[in-house]
Protein chains: 2
Amino acid sequence: MKYVDLKYRPGRDEFIAEYFLEPNKLSFERVCEHLAGESSIGTWTEVKTMKAKILKLRPNVFSINKKERIVKIAYPPELFEPGNVPQLMSSIGGNIFGMKAIRNLRLLDIHLPEKYVRSFKGPKFGIPGVREKLRIRNRPLLGTIVKPKLGLNESEHAKSAYESWTGGIDIVKDDENLTDMSFNHFEKRVEETLKMRDKAEKKTGEGKFYMPNVTGETHEMLRRANFVKKHGGEYVMADIVSIGWSGLQTLRNYNDHFSLIIHAHRAGHGALTKNPKHGISMVVIGKMARLIGVDQIHVGTAKVGKMGDFETPEVEDEVESRFISEGGHLLEQFWFDVKPVFAVASGGLHPGSIPRLLKKMGNNIIIQAGGGIHGHPKGSESGAKAMRQSLEAVMKGIPLKDYAKNRKELSDAINKWGVK
Amino acid sequence: MKYVDLKYRPGRDEFIAEYFLEPNKLSFERVCEHLAGESSIGTWTEVKTMKAKILKLRPNVFSINKKERIVKIAYPPELFEPGNVPQLMSSIGGNIFGMKAIRNLRLLDIHLPEKYVRSFKGPKFGIPGVREKLRIRNRPLLGTIVKPKLGLNESEHAKSAYESWTGGIDIVKDDENLTDMSFNHFEKRVEETLKMRDKAEKKTGEGKFYMPNVTGETHEMLRRANFVKKHGGEYVMADIVSIGWSGLQTLRNYNDHFSLIIHAHRAGHGALTKNPKHGISMVVIGKMARLIGVDQIHVGTAKVGKMGDFETPEVEDEVESRFISEGGHLLEQFWFDVKPVFAVASGGLHPGSIPRLLKKMGNNIIIQAGGGIHGHPKGSESGAKAMRQSLEAVMKGIPLKDYAKNRKELSDAINKWGVK
């Protein structure tokens with residue numbers, strides 16, 4: 001069986017996968033043959049059950065760049081079940097990672113054809129829907145994560161949320177490992193925190209929002225989302241890598257009923273995305289999340305915060321744009337009617353990070369700070385104020401240090417963490 | 001905050017995580033501090049909301065081996081929600097993989113305390129239940145995967161299954177990327193294949209079994225499992241890495257109702273497990289799968305087949321034993337009443353591989369061959385016969401080449417693929 005055909009030109013209805021590939025012993029071309037076969041219709045030996053009609057389902061390795069170790073494969077659409085992300089991943093992100101013949105393999109991007117894209121729901125709200133619900137049109141949204149990550153009880157959690165809201169934060173989020181704990185139960189936390197949200201809205205006259213973490217077994221997630229809805233919440237958050245694609249698809253399907261904004265945390269993605277030679281790119285993870293239909297997703301901080309880079313600009317482009325043109329290691333992608341997903345910058349941010357962050361990532365993002373708010377020398381409310389002041393300064397085009405002159409909260413924050 | 005305490009001795013109720021760690025710039029000890037904090041109660045800066053009572057939830061880095069770059073951390077049980085694998089992974093396998101301060105990180109093993117182990121269902125059948133259902137007590141089970149991976153229609157698929165069964169195979173499995181396809185629909189495939197199973201049982205007088213692949217969105221998986229049950233199936237298979245932990249937990253929960261044997265394919269695990277310095281070990285994936293309750297799981301072929309090694313002996317030990325003692329990079333683990341999971345050897349096997357495979361992996365396994373059966377020069381039925389003959393030879397202690405003398409199918413297979 002021959003899969004390599006460098007003259008082949010993929011049709012508009014085909015899937016394309018781009019890989020970084022380092023062979024183990026065998027030649028680059030031979031390993032490309034194995035890669036194309038194992039991810040589609042082939043196996044390690046010729047089989048007697050192979051039929052001529054099946055050859056029409058054969059993928060084509062149409063581009064090989066041996067120097068950069070990049071290979072592109074076009075797959076006929078029949079190989080993939082519409083509306084089934086796990087099946088796609090089992091094909092082009094499955095057995096191939098385990099083959100002896102391959103030393104390193106990284107799935108860099110997937111081009112998805114129109115029919116497949118349209119077989120998913122995509123985000124229910126996306127950027128325009130979230131902005132409409134929050135009634136914030138022209139500035140980045142401000143979020144915080146209650147800290148410490150774990151240990152506060154329900155009322156301490158609600159109090160910290162309240163102080164963040166009254167200080168000027170729009171959205172308060174649970175941390176990624178806070179679910180239903182012996183010291184802080186999900187239902188009680190949601191009830192108490194949403195009560196404080198109402199109080200904060202009254203005090204500030206602004207819309208305030210809370211993202212409870214529903215991460216868990218699928219039906220428990222749905223039960224928790226239903227609880228949030230019934231108690232007047234507008235948001236849920238889920239750790240999409242930890243729960244996996246099947247559970248995320250189910251959560252999104254039910255969201256036609258719940259109508260909650262789905263915030264996607266990406267805890268654990270680094271196990272797949274960190275090594276530039278092996279694993280799955282964050283672009284692919286972001287793409288699958290958009291396809292399935294999260295409304296917001298963590299994309300990193302473009303090297304401003306505590307986390308690594310992880311292709312922040314590319315991921316932001318992929319989840320926000322209607323059309324991505326081929327270039328770098330992004331494949332062409334039309335998103336048709338699929339709404340853009342809000343990019344969330346999170347991880348080690350503080351008031352002094354905002355100018356550089358917005359310069360790199362633009363205004364159409366959600367800025368989240370946890371330690372950078374609750375670590376403020378005067379506490380959470382002052383930290384929230386400092387964050388809002390920093391954002392105001394950037395929106396008005398005033399240098400942070402000038403704006404801090406008459407603003408104690410901002411100047412305290414800058415004294416602690418600097419501007420960087 | 002200090003997390004490193006080399007004099008600390010973990011209590012019996014604590015979780016222990018063992019990591020391979022390569023820091024980025026900072027000292028090993030300082031990165032251990034970050035690792036312990038980010039996976040539990042800490043963040044990148046001291047926060048004002050920290051309270052004395054929360055310090056009791058602090059993990060302890062109690063073992064550091066700088067030369068081998070191994071670190072062990074003990075976590076208080078309160079940090080983890082019972083019955084929630086995604087929450088555990090978001091904690092000790094979450095943000096830490098993405099931190100700037102870390103160059104490489106591999107989660108090698110997790111020790112789980114009794115209360116947590118007992119909060120999961122574990123396998124419904126496991127090795128004893130599967131053997132009882134299949135009425136095969138003393139030999140390895142023989143399985144095949146219909147090939148080509150994709151392209152056969154429903155009746156061609158059923159015919160190939162029939163030939164494998166009549167040739168002597170016990171279990172026929174869908175391939176990992178075959179779900180509900182335009183050329184081969186799930187429901188029609190299951191109906192036709194189960195009909196041929198009945199016919200094969202009648203012809204051979206043996207029990208014959210079919211594993212349809214239900215991989216997909218959670219509720220679609222449950223719907224398909226229900227269809228299999230209603231049509232007299234005993235098995236389902238799912239690609240556990242592609243579907244993710246939430247969906248797998250849900251499938252297992254519903255299996256109290258379905259009472260199907262759950263076969264776990266691990267397509268895609270190599271993205272996490274292949275790099276010895278980064279990601280998540282196959283031991284951890286196997287451990288979570290046993291905890292949740294799959295009945296069978298792919299563990300590799302101990303270097304005999306087409307796939308890499310991936311800790312086959314350690315994984316087999318972890319999923320089968322009642323007690324694992326600390327050693328190598330396995331942590332101590334009691335499994336209490338959790339049933340042992342059948343280890344499945346699959347990937348590039350053929351009749352000539354069986355002697356070496358059983359020598360390495362023992363008799364308490366499921367041997368699967370796809371290409372090694374359907375690639376037989378005389379077709380699938382002869383391939384199945386050759387496989388069964390090879391197994392008979394090993395069980396009787398007769399050298400394969402001697403046993404092949406009067407057996408055309410086995411000798412044809414050996415002529416094509418050799419004994420290796």
Side-chain angles (χ1 to χ4, degrees), chain A residues 41 43-50 54 57 78-79 81 84 86-87 89-91 93-95 97-98 100 147-151 160 176-177 179-180 182 215-219 239 242-247 249-250 267-268 270-272 274-275 278-280 306-308 348 370-371 374-375 379, chain B residues 41 43-50 54 57 78-79 81 84 86-87 89-91 93-95 97-98 100 147-151 160 176-177 179-180 182 215-219 239 242-247 249-250 267-268 270-272 274-275 278-280 306-308 348 370-371 374-375 379:
Chain A
I41 59 171
T43 187
W44 60 277
T45 186
E46 295 294 320
V47 296
K48 293 286 149 181
T49 38
M50 182 55 76
I54 299 175
L57 298 178
E78 292 83 359
L79 297 175
E81 181 187 349
N84 190 338
Q87 191 269 346
M89 295 312 293
S90 285
S91 308
N95 278 355
F97 285 112
K100 261 186 199 169
K147 297 282 176 187
K149 291 167 96 78
L150 295 182
S160 162
E176 77 282 354
N177 54 348
T179 53
D180 184 46
S182 58
T215 297
E217 177 271 329
T218 319
H219 283 178
D239 300 340
S242 303
I243 67 174
W245 301 124
S246 295
Q249 283 199 242
T250 312
L272 292 162
K274 191 165 203 168
N275 183 335
H278 189 73
I280 297 175
K306 71 179 168 182
M307 297 298 181
H374 309 291
Chain B
I41 59 171
T43 188
W44 59 277
T45 185
E46 296 293 320
V47 296
K48 293 287 148 181
T49 38
M50 183 54 76
I54 299 176
L57 299 178
E78 292 82 359
L79 297 175
E81 182 187 349
N84 190 338
Q87 191 269 345
M89 295 312 294
S90 286
S91 307
N95 279 355
F97 286 112
K100 261 187 200 168
K147 298 282 176 186
K149 290 166 96 81
L150 296 181
S160 161
E176 77 281 354
N177 55 346
T179 54
D180 184 46
S182 58
T215 297
E217 177 271 329
T218 319
H219 283 178
D239 301 339
S242 303
I243 66 175
W245 300 124
S246 295
Q249 283 199 242
T250 312
L272 292 163
K274 191 166 203 168
N275 183 336
H278 189 73
I280 297 175
K306 72 179 169 181
M307 297 298 182
H374 308 292

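Minimum heavy-atom separation, A:P86 to B:I243: CB-CG2, 4.0 Å. Nearest heavy atom pair, residue B:L150 against residue A:I54, reads O-CG2, 3.5 Å. Closest heavy-atom contact between A:E176 and B:S90: O-CB, 3.7 Å. Shortest non-hydrogen contact noted between B:L57 and A:G151 is CD1-CA, 3.5 Å.
B:N84 contributes a side-chain N or O that, together with a main-chain N or O of A:T215, makes up a donor-acceptor pair within less than 3.5 Å. Within the 3.5 Å criterion, the main-chain N or O of A:G371 finds no donor-acceptor partner in the side chain of B:T43. No donor-acceptor pair closer than 3.5 Å links the side chain of B:T250 to the backbone N or O of A:E217. A:Q87 places a side-chain N or O within donor-acceptor distance of the main-chain N or O of B:N177, the cut-off being under 3.5 Å.
Proximity of A:N275 to B:K274: side-chain heavy atoms (C-beta onward) are nowhere separated by under 4.5 Å.
The contact between A:H278 and chain B is made entirely by side chain atoms (from C-beta outward), counting heavy-atom distances below 4.5 Å. If you measure heavy-atom distances from A:S91 to chain B, the contacts under 4.5 Å come from both the backbone and the side chain. Interface residue B:T179: backbone and side-chain heavy atoms are both found under 4.5 Å from chain A.
Ranking A:G244, A:S160, A:G216, A:G279 against chain B, the residue ahead of the rest is A:G216, based on heavy-atom pairs under 4.5 Å. When A:E78, A:K100, A:M89, A:Q249 are compared by the number of non-hydrogen pairs under 4.5 Å with chain B, A:K100 comes out ahead. Ranked by heavy-atom pairs under 4.5 Å with chain B, the list A:S182, A:G375, A:G379 is led by A:G375. The residue among B:L272, B:D239, B:V47 with the most heavy atom pairs within less than 4.5 Å of chain A is B:V47. With chain B as the partner, the residue from A:S242, A:G268, A:G93, A:G270 showing the most heavy-atom pairs under 4.5 Å is A:S242.
We find the OG1-NE2 distance between A:T49 and B:H374 to be 6.0 Å, quoted to the nearest 0.5 Å.
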